[in-house]
Amino acid sequence: MNFTPDQIVAFIRQKSDQPMKPKELARALDIPRPRYPEFRQVIKSLLASGELVKLKRGRIGLAQQMDIVVGEISITRGGLGFVPQEGEEKDILIPAHALSTALIGDRVMVRLTGTQVSRSLGDRRTGTVVKIVERAQRNIVGVFRLGQHFAYVSPDNVRIHRDIYIPAEQTTGILEGQKVVCVITEWNDPALNPIGEITEVLGFVGDPGVDMLTVIKSFNLPEEFPDEIINAAERVTARDITDEMTHRLDLTADCVYTIDPADAKDHDDAVSVEETPNGYRLGVHIADVSFWVEPGTALDKEAFHRGNSVYLPGMVIPMLPEVLSNDVCSLRPNRKRLAHSVLIDFDKKGKMVSWKVADTLIKSCAKLSYEDVQDFFDNGLPQGTAASRLSHIADSLTLAKKLAAILSRKRFGEGSLDFDLPEAKIILDDDGDVIELGNRVRLESHRLVEEFMLAANQAVALELFRNGLQLLYRVHGRPDLEKLEAFSSMMTKLGYSFPVSDTIRPIQLARFLEKVKGVPEEEFINELLLRSMQKAVYQRENIGHFGLAFTHYAHFTSPIRRYPDLLIHRLLRARKNGRYESSFAKRISSVIDHVGTHCSETERTAEKAERRAVKVKQVQYMARHVGDEFDGIVAGVMSFGFFVRLDGVGAEGLVRISNVDDDYYRHDEQQSRLVGRNSGRTFRLGDRLRVGITKVDTDNHEIDLFVVDDKPPRKRASSKGHGRTGRKAPQTRYRRRK
């Protein structure tokens with residue numbers, strides 16, 4: 001009999017009345033004696049993964065049937081742990097004293113111990129960590145300290161609540177106060193601190209580049225490409241493509257152009273628009289990365305490992321080497337380039353009538369910036385030499401503007417959501433110091449490109465689906481009802497009506513967002529609603545894209561910076577007469593699942609790293625503005641104070657309740673406000689007020705504020721902002737994840 005892990009677990013679940021010893025289980029499964037050692041290895045792997053647990057007298061049982069749960073633990077700043085439980089909406093609560101040696105991200109085994117009820121967390125199952133099933137592979141970045149009797153690293157991550165002891169023999173040459181990277185080498189006793197090893201010294205906090213390097217190391221982001229990958233990229237780009245050009249649909253005579261940030265070096269998408277007797281034809285032409293990066297090669301494995309490019313202030317960590325992204329896969333003007341194109345016919349109302357996907361040869365006739373296109377939309381053709389650069393595509397741009405407006409109206413009319421949240425704009429000098437902080441302006445030209453990319457992604461998903469082929473969808477699930485009800489309650493407090501039901505549709509959310517357009521709290525409301533939504537992910541099962549109100553959607557338009565797009569290109573090319581070959585079809589399911597899981601994770605990591613990096617630069621900039629005043633909106637209310645989002649700069653700071661000394665304040669959690677006991681003065685979520693900066697802590701990325709009406713605290717302190725590392729990224733790059 002075969003005894004795969006799944007078969008053993010299924011047998012125990014369905015046919016075993018009680019926990020058994022391994023030999024008893026082997027007899028029940030009719031395992032031949034010669035294969036018993038092999039069977040024991042499978043049992044060991046199931047015990048290691050946490051699916052089975054070892055009980056008294058050597059018996060083994062199913063974890064789920066023994067009040068045991070296995071999962072990845074998250075830990076709050078306050079030291080509480082949470083582990084998800086399959087089939088349950090609420091995570092299991094792990095009190096700080098029951099964490100054992102678990103750290104955030106570890107896969108742990110938890111024994112359920114009871115139920116706890118609290119005002120803030122509600123009714124929760126509780127548990128205690130009994131085993132670390134698998135340690136998360138992590139770098140711990142922190143500050144090196146020399147104590148009186150030992151050295152240690154104080155982690156930057158406030159969710160790692162223990163200092164890491166460093167043996168004396170590893171401290172040679174490392175100076176007090178330097179940023180270092182370490183890993184835990186031993187931690188078996190929760191009563192003692194973990195022991196670690198320093199793997200890299202980053203430098204002092206004030207050294208140029210240390211701030212972004214700290215982010216990179218904290219999130220285990222890849223850095224420079226190995227020489228073998230650079231060499232592989234140079235070899236593939238040296239290929240002779242003369243013969244390949246002859247086999248492709250030749251679109252070099254079409255009016256094709258790119259629209260990108262002014263300082264962009266890679267131009268991976270181009271568009272073309274023409275009028276037809278029944279409407280419009282849109283061409284979206286994407287650099288054919290899949291031609292150059294073949295499956296299974298070292299170059300492909302490196303791209304998969306990275307999953308996506310990561311954009312930090314002043315630098316980019318690319319998915320592919322520059323020789324590809326900035327050369328053969330860059331759709332430079334007046335150069336013949338290999339592309340993968342989607343040609344879509346729309347009727348005059350913007351309905352997608354038909355489409356064609358093809359390997360093409362294109363030649364861009366113009367490299368435009370978003371500002372060039374916007375200036376043309378606002379003022380027509382410019383004067384002088386700039387006019388000649390635009391005159392030959394003016395008619396196409398006019399048609400493009402008209403088509404984009406039609407598509408936008410149709411999409412929003414069908415319920416597509418538009419969270420028009422500001423994107424941070426951070427301008428750095430050559431030393432990496434922030435010289436300008438604010439929010440990017442979202443231009444009509446940005447929206448135009450976005451509409452065309454959305455249409456291409458939708459068409460490609462439909463192309464594969466209608467041929468009955470498996471693909472990697474970009475999906476966005478329906479919002480969690482409990483979170484929507486919490487949002488509705490918050491809107492009631494702000495004076496808005498937002499009815500909720502378990503059949504809520506995107507159009508209802510879209511109408512609400514339209515209703516609050518222009519109100520002072522618009523940005524805040526948009527962000528709260530976005531937090532109530534699920535995360536978009538990559539997966540083979542199609543559940544639609546709730547936020548876009550699309551039934552079918554995939555990522556196709558950015559194979560230079562997203563691996564899922566590269567996979568979609570390969571799936572399109574793998575078709576023979578509209579079908580996958582049988583050998584390819586048999587293995588593609590596992591490939592899609594693997595890419596979907598991995599790239600959803602790398603995307604989440606990139607988003608966290610980008611947010612952290614932006615906050616680091618924002619705090620550095622605000623350190624130079626201690627004592628200055630700003631208008632802002634209350635973005636969060638806690639028992640210890642309230643957070644204020646500062647207008648124009650996007651940074652967020654805390655007004656500590658200890659700094660509001662005109663009264664004693666109580667925290668009204670139900671109404672999300674602080675209320676003065678005697679004066680009745682309130683600070684409520686969504687309130688607008690004027691605040692000043694009293695202190696900035698650049699080590700912990702915290703900004704302390706005071707209410708301008710009150711007398712500011714006397715003591716003020718600030719730290720100097722510092723530099724960057726890596727190569728520069730386009731500072732006006734406009735990227736929106738859908």
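Here the structure is a predicted model, which means the values were calculated and not measured. Throughout, numbering of the chain's residues begins at 1 and tracks the sequence.
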Return the set of residues passing ring pair (Phe, Tyr, Trp, His ring centres under 6.0 Å) with H569 (not counting sequence neighbours), or none when no residue passes.
-> H340, F556
S325 side chain to D266 main-chain N or O, any donor-acceptor pair under 3.5 Å?
-> no
Between N467 (side chain) and L469 (backbone), is there a donor-acceptor pair under 3.5 Å?
-> no
Report the distance from atom CE of M453 to atom OG of S558, rounding to the nearest 0.5 Å.
-> 8.0 Å
Between L407 and F452, is a side-chain contact (heavy atoms from CB on, under 4.5 Å) present by the stated rule, with each step listed?
-> CA-CA 9 Å; L407 295 180; F452 292 170; 4.2 Å; yes
Salt-bridge test for K348 and E275: reply yes if a basic N is under 4.0 Å from a carboxylate O, no otherwise.
-> no
Between R411 and S416, does a side chain to side chain donor-acceptor pair (under 3.5 Å) hold up when you go through it step by step?
-> CA-CA 6 Å; R411 182 164 65 87; S416 191; 2.8 Å; yes
Measure the spacing between CD1 of I317 and CD of E224 and express it to the nearest 0.5 Å.
-> 9.5 Å
May I ask you to test the P226-E302 pair for a side-chain heavy-atom distance under 4.5 Å?
-> yes
Between L403 and L399, does a side-chain contact (heavy atoms from CB on, under 4.5 Å) hold up when you go through it step by step?
-> CA-CA 6 Å; L403 175 59; L399 280 175; over 6 Å; no
Mind running side-chain contact (heavy atoms from CB on, under 4.5 Å) on H555 and N457 for me, showing each step along the way?
-> CA-CA 6 Å; H555 271 170; N457 287 336; 4.0 Å; yes
Would you call K336-D250 a salt bridge at under 4.0 Å N-O?
-> no
Specify the closest pair of heavy atoms between V83 and G71, including all atoms of both residues, with the distance to one decimal.
-> CG1-CA, 3.9 Å
Do H267 and K367 have side chains that get closer than 4.5 Å, going by heavy atoms?
-> yes
Counting only heavy atoms not in Q137, do more than 12 sit closer than 6.0 Å to its CD atom?
-> no
Check the surroundings of atom CG in D227: do more than 12 heavy atoms from other residues, nucleotides or ligands lie under 6.0 Å from it?
-> no
Just wondering, do E134 and E72 contact through their side chains at under 4.5 Å, heavy atoms?
-> no
Side-chain contact, heavy-atom cut-off 4.5 Å: Y257 with V271?
-> yes
Backbone N/O of R562 and side chain of N308: donor-acceptor pair under 3.5 Å | no
Please round to the nearest 0.5 Å and tell me the distance separating atom NZ of K351 and atom CD1 of I406.
-> 15.0 Å
Under 3.5 Å, is there a donor-acceptor pair between the side chain of Q374 and the main chain of S445?
-> yes
Residue pair I230 / V323, side-chain heavy-atom distance below 4.5 Å | no
Would a line drawn from the ring center of Y553 to the ring center of H545 be shorter than 6.0 Å?
-> yes
What are the two closest heavy atoms between A455 and L282, and how far apart are they?
-> CB-CD2, 4.3 Å
Audit row: D372, S369, side chain to side chain donor-acceptor pair (under 3.5 Å) steps and yes/no | CA-CA 5 Å; D372 288 335; S369 70; 3.1 Å; yes
Under the side-chain contact (heavy atoms from CB on, under 4.5 Å) test, residues paired with E541 that sit two or more places apart = Q539, I543
Quick one: pull up CG in N542 and CG in L471 and give me the separation to the nearest 0.5 Å.
-> 7.5 Å
Can you name the residues that form a ring pair (Phe, Tyr, Trp, His ring centres under 6.0 Å) with H305, not counting sequence neighbours?
-> none
So do the side chains of T602 and R306 get within less than 4.5 Å of each other, counting heavy atoms only?
-> no
Are any side-chain N or O atoms of S396 and backbone N or O atoms of I393, one a donor and one an acceptor, separated by less than 3.5 Å?
-> no
Calculate, to the nearest 0.5 Å, the distance between atoms NZ and CG belonging to K535 and L530 respectively.
-> 7.5 Å
Residues D347 and N278: side-chain donor-acceptor under 3.5 angstrom = no
Are more than 12 heavy atoms from other residues, nucleotides or ligands located less than 6.0 Å from atom NZ of K217?
-> yes
Close side-chain approach of L417 and F412, heavy atoms under 4.5 Å | no
Not counting sequence neighbours, list each pair that qualifies as a salt bridge (Lys or Arg N to Asp or Glu O under 4.0 Å) and has a residue in residues 593-602.
-> R540-D593, E601-R604
Would you sort out whether N526 and L513 count as a side-chain contact (heavy atoms from CB on, under 4.5 Å), showing the intermediate values?
-> CA-CA 7 Å; N526 272 255; L513 291 177; 3.8 Å; yes
Any donor and acceptor pair, going by atom type alone, linking the side chain of Y580 with main-chain N or O of Q470 inside 3.5 Å?
-> yes
Smallest separation among heavy atoms of F304 and H598, with atom names = O-NE2, 2.7 Å
Counting N and O atoms only, with roles assigned by atom type, does the side chain of R478 sit under 3.5 Å from a partner on the main chain of I504, one being a donor and the other an acceptor?
-> yes
Cationic N near anionic O, under 4.0 Å, D418 to R442 | yes
Test item: D565 side-chain N/O and I560 main-chain N/O as donor-acceptor pair under 3.5 Å = no
Quick one: do E603 and R474 make a salt bridge, cutoff under 4.0 Å?
-> yes
Spacing of CG belonging to L448 relative to OG belonging to S408, to within rounding of 0.5 Å = 10.0 Å
Could you tabulate the donor-acceptor pairs under 3.5 Å formed by side-chain atoms of residues 285-301, not counting sequence neighbours?
unit_1, atom_1, unit_2, atom_2, d
H285, ND1, S341, OG, 2.8
H285, NE2, S272, OG, 2.9
D288, OD1, S290, OG, 2.8
D288, OD1, F291, N, 3.4
D288, OD1, R573, NH1, 3.4
D288, OD1, R573, NH2, 3.4
D288, OD2, R248, NH1, 3.0
D288, OD2, R248, NH2, 2.7
D288, OD2, R573, NH2, 2.6
S290, OG, R573, NH1, 2.5
T297, OG1, E294, O, 2.8
T297, OG1, D300, N, 3.2
D300, OD1, Y563, OH, 2.6
D300, OD1, R570, NH1, 3.0
D300, OD1, R570, NH2, 2.9
D300, OD2, G296, N, 3.0
D300, OD2, Y563, OH, 3.4

Determine yes or no for a side-chain-to-main-chain donor-acceptor pair under 3.5 angstrom, with R332 supplying the side chain and N326 the backbone.
-> yes
With sequence neighbours excluded, residues passing salt bridge (charged side-chain N to carboxylate O under 4.0 Å, His left out) with D345 | R281
Does the pair R409 and E414 meet the rule for a salt bridge (Lys or Arg N to Asp or Glu O under 4.0 Å), with working shown?
-> CA-CA 9 Å; R409 282 195 302 271; E414 293 174 348; over 6 Å; no
Are any of the side-chain heavy atoms of L331 and I362 separated by less than 4.5 Å?
-> yes
T597 (side chain) donor-acceptor with H594 (main chain) under 3.5 angstrom = no
